[in-house]
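To keep things clear, I will list the structure first and then write my remarks on it.
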Amino acid sequence: YGVHEQSKRLHLVMGMAVASAYAVILAPDYTILVAGLGVLTAATSLHIWFAERPGSHRAGFQYGVMNMAGWLAIWVGFALHAGGQEPSALSPFSTASAGFPEYLILGGASICTGLVPLHTWLTSGVQETTPRGGLAAVLLGPLCGVYVLGRLYAGFPELVILGLFTALIAACFSLMANDIRRVAAYVAVSQVGVVAAGFGYGNGMAVNGAACLGFVHALQMCVLFMCM
């Protein structure tokens, strides 16, 4: 799909984005997870920046700043959660024992996922980059963010509220958008909201259904961006 691209730096940052997404998914502890998210943030932001479109520099800067804010919140939250101890294995948080560090991580992951109202960086970034860059921006970043939410926060009622609100608002915005990439971005945000809400319910059927929806969403977004 991308072999026709002549820019070597675009191939490089796309490879970095894919590799860091694998690191996030397979992360055994907090250190690998935070490092993977940091590299993913840098790679997707650079891909938008390197598109050399009229608004790509501004969109790439906005995309990078918002993702960096979410990444810093996750990093600080994990540091406070660890309390100066060695990084431990990733394990789901409990609603009964969740405190400021856990909710700080939740806020950072929500920013990286693009949940409403912190989603405008995603739609503008997708509109101002190449089709491959748009696919990385709308797929790798948000899905890795919602993966963190599902892995650590399954059963949190806050996810249900955020997810359903995101799904509804983003769907309404997609009906008013007049650019195919912006429409795709809003549809992606809406679908990620549904996935987050499914993780928030916490029971086995809801979590499995949310995971399946995320997988199918990834496939259909790949096909959609190949048609642009």
Side-chain angles (χ1 to χ4, degrees), residues 9-10 12-25 27 30-51 53 55-79 103-153 159 162-163 166 170 181-182 184-193 195-196 214 217-218 221 225:
R9 61 183 183 177
L10 288 180
L12 176 62
V13 293
M14 178 60 77
M16 291 171 56
V18 173
S20 58
Y22 273 111
V24 171
I25 294 173
Y30 301 132
T31 303
I32 303 297
L33 178 66
V34 172
L37 286 174
V39 175
L40 178 60
T41 294
T44 50
S45 301
L46 286 174
H47 206 296
I48 298 172
W49 189 283
F50 291 158
R53 292 171 179 254
S56 61
H57 286 184
R58 179 181 178 182
F61 180 76
Q62 183 183 18
Y63 189 100
V65 167
M66 292 301 297
N67 270 275
M68 187 61 66
W71 177 79
L72 284 174
I74 294 173
W75 180 71
V76 172
F78 277 135
Y103 282 105
L104 185 61
I105 299 171
L106 174 61
S110 298
I111 295 175
C112 293
T113 303
L115 297 183
V116 173
L118 301 172
H119 67 287
T120 55
W121 55 268
L122 177 60
T123 54
S124 61
V126 171
Q127 189 176 8
E128 298 296 342
T129 187
T130 62
R132 286 202 312 143
L135 182 61
V138 81
L139 189 62
L140 295 180
L143 283 184
C144 283
V146 81
Y147 169 78
V148 173
L149 293 176
R151 187 168 180 179
L152 300 178
Y153 293 96
L159 272 187
L162 283 173
T166 296
R181 294 188 187 181
R182 188 171 288 270
Y186 279 122
V187 170
V189 172
S190 179
Q191 291 297 300
V192 166
V195 174
H217 166 66
M221 289 305 294
F225 272 87

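Between the CG atom in Leu46 and the CE atom in Met16 there is a gap of 7.0 Å [rounded to 0.5 Å]. Distance OG/Ser20 to CD1/Ile32: 12.5 Å, rounded to 0.5 Å. We find the CG-CG distance between Leu152 and Leu33 to be 7.0 Å, quoted to the nearest 0.5 Å. Considering CD1 of Ile74 and CG of Leu104, their distance stands at 9.0 Å, rounded to 0.5 Å.
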Side-chain atoms of residues 107-114: list all donor-acceptor pairs with protein atoms under 3.5 Å, sequence neighbours left out, distances to 0.1 Å.
unit_1: Ser110; atom_1: OG; unit_2: Leu106; atom_2: O; d: 2.8
unit_1: Thr113; atom_1: OG1; unit_2: Ala109; atom_2: O; d: 2.6
unit_1: Thr113; atom_1: OG1; unit_2: Gly145; atom_2: O; d: 3.4
unit_1: Thr113; atom_1: OG1; unit_2: Val146; atom_2: N; d: 3.2

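Counting heavy atoms from C-beta on, the side chains of His217 and Leu143 come closer than 4.5 Å. Thr41 has its side chain within reach of Ser45: a pair of non-hydrogen atoms, C-beta onward, lies under 4.5 Å apart.
Residues in residues 143-153 take part in these side-chain hydrogen bond (donor to acceptor under 3.5 Å, both in side chains) pairs, two or more places apart or across chains: Tyr147-Arg151.
Evaluation of the side-chain contact (heavy atoms from CB on, under 4.5 Å) rule for Val65 yields Phe61 as partners, not counting sequence neighbours. Residues that satisfy the side-chain hydrogen bond (donor to acceptor under 3.5 Å, both in side chains) test with Tyr22, not counting sequence neighbours, are absent from this structure. In this view, Phe78 and Tyr30 satisfy the ring-ring contact (aromatic ring centres under 6.0 Å, His included) rule, not counting sequence neighbours. Applying the side-chain contact (heavy atoms from CB on, under 4.5 Å) criterion to Thr166, with sequence neighbours excluded, gives Leu115, Val116, Val189. The side-chain contact (heavy atoms from CB on, under 4.5 Å) test applied to Ala42 returns no partner, not counting sequence neighbours. With sequence neighbours left out, Ala21 forms a side-chain contact (heavy atoms from CB on, under 4.5 Å) with Leu140, Cys144.
Closest approach of Ala170 and Ser190 over heavy atoms only: CB-N, 3.6 Å.
Between the side chain of Trp71 and the main chain of Val34, a donor-acceptor pair closer than 3.5 Å is present.
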